[in-house]
Amino acid sequence: MTWREDSLHRLALAANSADDIVKELAGIVGDLGFEYCSYVLRMPIPVSEPSVVWASTYPVHWLEHYFSNKYLEVDPIIHKVVQDMAPLTWADARDTSEPAFWEDAQAHGIRHGWAMATYGRHMTTGMLSLARSSRPVTELELADTEMKLVWLAHVVHGLIGSVELQRVMPETIRELSNREREVLRWSAAGKTADEIATILGITERTVTFHIASSLSKLNVVNKTQAVAKALLLNALD
């Protein structure tokens, strides 16, 4: 298996709950140099009181301190990620604001990290946060790992979003065609639309058409989430 295929299958097999998914994710990002990870998903359901799902492997003592001090309301990492809508290191978010937050995080061994916001259907929003106790996250490191981290963020959004939305808003999924399954299987292996077209002997435009059709049937917003959800539903067999 490729790294993508292995990671997809590991996460899909763990997709019983957000906690299980994030625990499996911790092992994957651990190999990429991070000690802790968390994922928070906000769903605008019910409308009167949108629900938030949070799963984390951060130290319990830090999580207790974080929530008891209401840092969720002032966390500069969350604010920066939501504003910029792009991956960032904690060094990018660290400024003169909220000095107590940064001091407390460092005191609890949470010193360096990376974060990214994700978006899905039904106006779901999420954020993947990774951290470690030592070694700043460098540009050289990200040149090797950031594409994997971005990909993981979308996969986890797709899996947790599917699990949680199915719980609060059951949906009917339209069956994928044989060609759509083929295209998604090759996508899971990391192949581009051009490469898939060559493998299957069809045009790149046709591949793009099948991907778009899969997104609609699976009710997701991008190819990575489509692959994750199809695996979760055993729709690629």
Side-chain angles (χ1 to χ4, degrees), residues 1-16 18 21 24-25 28-29 32 39 41 43-45 84-87 116-128 142-167 169-237:
M1 284 189 180
T2 65
W3 177 87
R4 281 193 179 194
E5 290 174 305
D6 179 58
S7 298
L8 264 174
H9 282 280
R10 288 173 62 180
L11 291 167
L13 287 173
N16 299 309
I21 293 168
E24 189 62 43
L25 176 66
I28 297 172
V29 298
L32 298 177
Y39 195 86
L41 180 75
M43 301 181 293
I45 304 168
D84 291 355
M85 294 174 51
M116 177 182 169
T118 52
Y119 303 88
R121 285 285 175 90
H122 306 298
M123 298 179 67
T124 56
T125 59
M127 188 184 84
L128 173 64
L142 290 178
D144 289 331
T145 64
E146 190 159 52
M147 290 304 297
K148 290 182 177 181
L149 301 180
V150 169
W151 180 84
L152 284 169
H154 286 294
V155 169
V156 172
H157 188 125
L159 290 173
I160 294 180
S162 297
V163 169
E164 294 300 324
L165 283 171
Q166 185 65 25
R167 179 177 57 82
M169 190 177 67
E171 60 180 334
T172 301
I173 303 298
R174 293 153 57 198
E175 186 174 353
L176 298 174
S177 69
N178 289 335
R179 185 62 90 186
E180 287 163 351
R181 285 195 289 270
E182 277 186 307
V183 169
L184 288 181
R185 278 197 291 266
W186 284 113
S187 295
K191 301 299 183 181
T192 64
D194 179 58
E195 291 170 331
I196 295 171
T198 300
I199 292 168
L200 299 181
I202 57 180
T203 66
E204 184 175 350
R205 182 176 180 180
T206 301
V207 172
T208 302
F209 169 81
H210 287 307
I211 291 173
S213 178
S214 300
L215 299 188
S216 176
K217 287 183 177 181
L218 293 168
N219 206 11
V220 294
V221 298
N222 59 46
K223 183 174 65 176
T224 301
Q225 292 181 12
V227 170
K229 190 167 187 177
L231 277 174
L232 177 62
L233 299 172
N234 293 317
L236 296 186
D237 296 335

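All values below come from the heavy atoms of this structure, side chains included, with hydrogens, waters and symmetry mates left out.
The line from CZ of R4 to NZ of K191 is 11.0 Å long, rounded to the nearest 0.5 Å. Rounded to the nearest 0.5 Å, atoms CG (L176) and CG (L236) are 7.0 Å apart. With values rounded to the nearest 0.5 angstrom, E24 atom CD is found 13.0 Å from H9 atom NE2. With rounding to the nearest 0.5 Å, the separation of CG in L11 from CG in L159 is 6.0 Å. In this structure, CD1 on I211 lies 9.0 Å from CD on E204, to the nearest 0.5 angstrom. Interatomic distance, I199 CD1 to W186 CH2, rounded to the nearest 0.5 Å: 4.5 Å.
Between A228 and V155 the shortest heavy-atom distance is CB-O, 3.8 Å. In plain terms, the two heavy atoms of P87 and V150 that are nearest each other are CG-CG2, 3.9 Å. Closest approach of I21 and A15 over heavy atoms only: CG1-CA, 3.6 Å. The two atoms that bring L215 and K223 nearest to each other are CD2-N, 3.8 Å, heavy atoms only. Looking at every heavy atom in both residues, A188 comes nearest to L8 through CB-CD1, 3.6 Å. Closest of all the heavy-atom pairs between A235 and R181 is O-CD, 2.7 Å.
In this structure, L152 and I28 have side chains that are in contact, with non-hydrogen atoms separated by less than 4.5 Å. Two residues are said to be in side-chain contact when any heavy atoms from C-beta on lie closer than 4.5 Å; H154 and M116 meet this criterion.
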(Q) The test is side-chain contact (heavy atoms from CB on, under 4.5 Å); show your working for L25 and V156 and say whether it passes. (A) CA-CA 8 Å; L25 176 66; V156 172; 3.9 Å; yes
Q. Do H157 and T118 pass the side chain to side chain donor-acceptor pair (under 3.5 Å) test, and can you show the C-alpha distance, the side-chain angles, and the key distance before you say yes or no?
A. CA-CA 7 Å; H157 188 125; T118 52; 2.7 Å; yes
Q.
Using the rule given for side-chain contact (heavy atoms from CB on, under 4.5 Å), can you reason through W3 versus L32, listing the C-alpha separation, both sets of side-chain angles and the distance that settles it, and then say yes or no?
A. CA-CA 12 Å; W3 177 87; L32 298 177; 4.2 Å; yes
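Under a 3.5 Å cut-off, the side chain of Q225 and the backbone N or O of Y119 do form a donor-acceptor pair. The backbone N or O of V183 lies less than 3.5 Å from a partner atom in the side chain of S187, making a donor-acceptor pair. Side-chain atoms of S216 do not come within 3.5 Å of backbone N or O of A212 as any donor-acceptor pair.
With respect to E182 and R179, a salt bridge is recorded, a charged nitrogen being found less than 4.0 Å from a carboxylate O.
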